[in-house]
Protein chains: 2
Amino acid sequence: MKKILQIISDAPLFNGLSEEQLNDVRQISVDKFCDKGKTIFLEGDDCNGFYIVADGKVKIYKVSFEGKEHILHIYGPGNPFGEVPVFAGRKFPANAQTLLKSHLLFFPRTAFVDLISKNPSLALNMLGVLSMRLRQFTVQIENLSLKEVPGRLASYLVYLSQEQGRTDVVALNISKGQLASLLGTIPETLSRILTKMNQHHLIDTSGRDIILKDLGGLKDLAEHGKLQ
Amino acid sequence: MKKILQIISDAPLFNGLSEEQLNDVRQISVDKFCDKGKTIFLEGDDCNGFYIVADGKVKIYKVSFEGKEHILHIYGPGNPFGEVPVFAGRKFPANAQTLLKSHLLFFPRTAFVDLISKNPSLALNMLGVLSMRLRQFTVQIENLSLKEVPGRLASYLVYLSQEQGRTDVVALNISKGQLASLLGTIPETLSRILTKMNQHHLIDTSGRDIILKDLGGLKDLAEHGKLQ
DNA sequence: CCAGTACCTTGACTTAAGTCAAAAAAGCGT
DNA sequence: ACGCTTTTTTGACTTAAGTCAAGGTACTGG
């Protein structure tokens with residue numbers, strides 16, 4: 001399966017590793033094929049390894065006592081997830097579920113730790129990946145505590161625009177309900193804000209595509225946080 | 001200065017390192033003595049290394065456009081900070097300022113990266129520390145998005161109770177204004193909620209000490225998130 | 001001990017965003 | 001195209017928490 005080696009070498013975590021090191025990584029990885037909606041792990045489960053998305057999409061989420069779900073992250077091809085408890089402890093701190101039929105690579109804990117302690121460059125890559133995650137979390141906390149929902153949505157749209165390299169239109173790729181959860185709000189509120197942004201000529205919605213009519217205005221809103 | 005070696009060997013980051021490795025670490029560290037209220041770095045500053053608190057207290061915070069400040073973390077002796085951009089990029093993602101007269105150890109970026117790539121166990125320690133940080137952030141995001149302020153406060157009190165190993169009373173160590181910022185709210189709201197918790201016989205306040213009258217009730221509130 | 005400053009509390013008011021309920025629109029398999 | 005489910009939107013209402021403003025309390029240094 002040379003496709004898998006390709007996936008591994010494309011993942012940021014394994015960037016710049018030698019052919020031999022990549023082969024070592026391949027050796028310890030286990031393929032998992034999952035249907036849409038499959039639970040990969042639940043909060044509190046023992047962690048005996050972590051995953052990389054080879055294909056498909058996975059959501060990482062928490063559930064409140066009342067059953068309200070908050071999505072922390074949505075990961076696609078090349079992204080690792082569940083790597084935190086590999087180094088921090090034994091339990092997963094959140095739930096993971098596939099959003100699409102997915103192909104995952106599983107890396108058993110002990111084998112990976114062995115590998116990392118023999119490969120300083122792999123260790124440094126891993127440190128880089130974790131640090132990027134921390135930076136993203138910092139942004140997310142900033143958004144949640146400093147900004148109102150319109151500001152958070154604007155931030156997200158600006159982020160998508162950079163991610164997708166387009167200034168005219170972005171694709172959501174997830175349902176608006178899921179987006180609401182990712183932004184720490186509920187579908188009703190998100191829907192109202194999208195309508196308001198429409199009225200303010202900031203965007204135009206067309207299904208899961210959002211036409212950016214005033215990217216400057218959105219950036220402004222993302223920084224200053226007030227709509228209207 | 002053998003006191004500094006003591007501080008280094010006590011820091012979780014350097015746990016379990018050999019005498020020789022600790023000496024290497026000491027070699028590259030630079031002492032910085034700061035008065036209370038000294039800014040260590042600002043968001044966007046170039047990162048040429050990270051710090052460990054040897055003595056004193058440091059707050060990591062973000063400032064919104066309107067000047068509202070949100071504290072992300074407060075670190076004391078043994079805690080490292082600013083380590084994220086060492087591996088992720090070049091800029092600090094938040095501001096750092098001393099809350100007390102403090103003694104810091106500075107670790108220059110390149111020297112530390114060299115050191116880490118020669119010490120697999122140091123790399124693993126570092127991975128552990130970053131992973132713990134990520135776990136804390138996950139909790140913080142969960143709190144901010146899933147719970148109302150009373151629930152967040154209850155979470156924090158329960159956390160303090162575990163941290164300080166007491167079930168009867170906890171010490172805040174920071175001002176109530178700073179606590180408000182740490183919880184993502186404002187002093188007025190925090191004050192009102194403390195009063196309400198008093199009326200509900202959950203706590204009793206006495207300056208910066210909080211008497212836990214009903215720890216079970218607080219845990220309940222932290223999980224379920226509703227007061228009254 | 002007193003003045004001055006920083007911190008904390010209280011009150012009246014406003015507002016963003018959540019809840020509940022129902023209708024409309026979009027997807028999907030047959 | 002049809003009926004079914006899921007997603008999205010809209011409306012009326014409630015509420016948590018923010019703003020502004022004014023007192024009160026406590027700690028500091030002279």
Side-chain angles (χ1 to χ4, degrees), chain A residues 35-37 59 64-71 99-101 143-154 171-200 203-210 221 224-228, chain B residues 36-37 59 64-71 99-101 143-154 172-200 203-210 221 224-228:
Chain A
D35 285 335
K36 172 178 171 176
K59 72 173 171 188
S64 75
F65 182 74
E66 301 95 357
K68 206 167 69 176
E69 165 183 318
H70 181 222
I71 297 176
L99 289 175
L100 301 172
K101 197 165 182 293
N143 279 344
L144 282 172
S145 57
L146 251 35
K147 287 181 207 154
E148 292 155 4
V149 182
R152 286 181 238 159
L153 174 58
L172 285 186
N173 295 324
I174 51 174
S175 79
K176 294 198 176 123
Q178 284 164 352
L179 175 57
S181 169
L182 200 55
L183 296 175
T185 185
I186 54 171
E188 291 96 316
T189 298
L190 178 62
S191 176
R192 286 185 243 268
I193 289 167
L194 284 170
T195 307
K196 227 183 220 171
M197 282 190 172
N198 243 311
Q199 289 162 358
H200 287 246
I203 58 166
D204 237 328
T205 56
S206 150
R208 286 191 181 176
D209 287 337
I210 301 212
L221 184 58
H224 308 156
K226 292 265 174 208
L227 182 60
Q228 187 176 112
Chain B
K36 172 179 169 177
K59 72 172 169 189
S64 75
F65 182 76
E66 301 95 357
K68 207 167 69 177
E69 168 182 316
H70 180 224
I71 297 176
L99 289 175
L100 301 173
K101 196 166 182 293
N143 280 343
L144 283 172
S145 57
L146 250 36
K147 288 181 207 155
E148 293 155 5
V149 182
R152 287 181 237 160
L153 174 57
L172 284 187
N173 294 326
I174 52 174
S175 78
K176 293 199 177 123
Q178 284 165 353
L179 175 57
S181 171
L182 199 55
L183 296 176
T185 186
I186 54 171
E188 292 96 316
T189 299
L190 177 62
S191 177
R192 286 185 244 265
I193 289 167
L194 284 170
T195 308
K196 225 182 223 171
M197 282 188 172
N198 243 309
Q199 290 162 357
H200 287 247
I203 59 167
D204 238 326
T205 56
S206 150
R208 285 191 182 178
D209 288 336
I210 302 214
L221 185 56
H224 309 158
K226 293 266 174 207
L227 181 60
Q228 184 180 116

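Chain A is the first sequence line, chain B the second, and so forth, proteins listed ahead of strands; every chain is numbered from 1.
Note: CD (Q199(A)) to P (dT9(D)) measures 13 Å, nearest angstrom. When rounded to the nearest whole Å, the span between NZ of K147(B) and P of dA17(C) equals 21 Å. Spacing between atom CG of L183(A) and atom C1' of dT8(D) amounts to 16 Å, rounded to whole angstrom units. Between L100(A) atom CG and dG27(C) atom P there is a gap of 16 Å when expressed in whole angstrom units. Across the protein-nucleic acid pair, E148(A) atom CD and dA17(D) atom P stand 14 Å apart, rounded to whole Å. Atoms CG (L144(A)) and P (dA17(D)) sit 14 Å apart, rounded to a whole Å. The distance from atom CD1 of I174(A) to atom P of dG27(C) is 15 Å, rounded to the nearest whole Å. Counting to the nearest Å, the C1' atom of dA6(C) and the NZ atom of K176(B) are 14 Å from each other.
Look at S175(B) and you won't find any side-chain N or O under 4.0 angstrom from OP1 or OP2 of dA6(C).
Each of G207(A) and G184(A) lies near DNA chain C, and the nucleotide nearest G184(A) is the one positioned closer to the 5' end. In terms of position on DNA chain C, the residue among V149(A) and G177(B) whose nearest nucleotide sits closer to the 5' end is G177(B).
Side-chain proximity of T189(A) to the nucleotides dT9(C), dT10(D), dG18(C) is greatest for dG18(C). Closest to the T195(A) side chain, of the nucleotides dG18(C), dT10(D), dT9(C), is dT10(D). You'll find that the side chain of R192(B) is closest to dA12(C), out of dC8(C), dT9(D), dA12(C). In the set dT19(D), dC20(C), dC8(C), the nucleotide with an atom closest to the side chain of R208(B) is dC8(C). Taking only side-chain atoms of I186(B), from C-beta outward, the nucleotide of dT9(D), dG18(D), dG18(C) with the closest atom is dG18(D). Of the candidate nucleotides dT10(D), dT9(C), dG18(D), dT10(D) has the atom nearest to the side chain of E188(A).
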Please step through side-chain hydrogen bond (donor to acceptor under 3.5 Å, both in side chains) for the pair S181(A) and H70(A), ending with a clear verdict.
-> CA-CA 5 Å; S181(A) 169; H70(A) 181 222; 5.3 Å; no
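When all heavy atoms are compared, the tightest approach of K36(B) to L99(B) is CG-O, 3.3 Å. Taking both residues in full, the closest heavy atoms of G184(A) and S145(B) are given as CA-CB, 4.4 Å, listed atom of the first, atom of the second, then distance.
The base of dC7(C) is not paired with the side chain of Q178(B) by any donor and acceptor separated by under 3.5 Å.
A salt bridge is absent between K176(B) and E188(B): the closest approach of a Lys/Arg side-chain nitrogen to an acidic carboxylate oxygen does not fall below 4.0 angstrom.
How far CG of L194(B) is from CG of L153(B): 5.5 Å, rounded to the nearest 0.5 Å.
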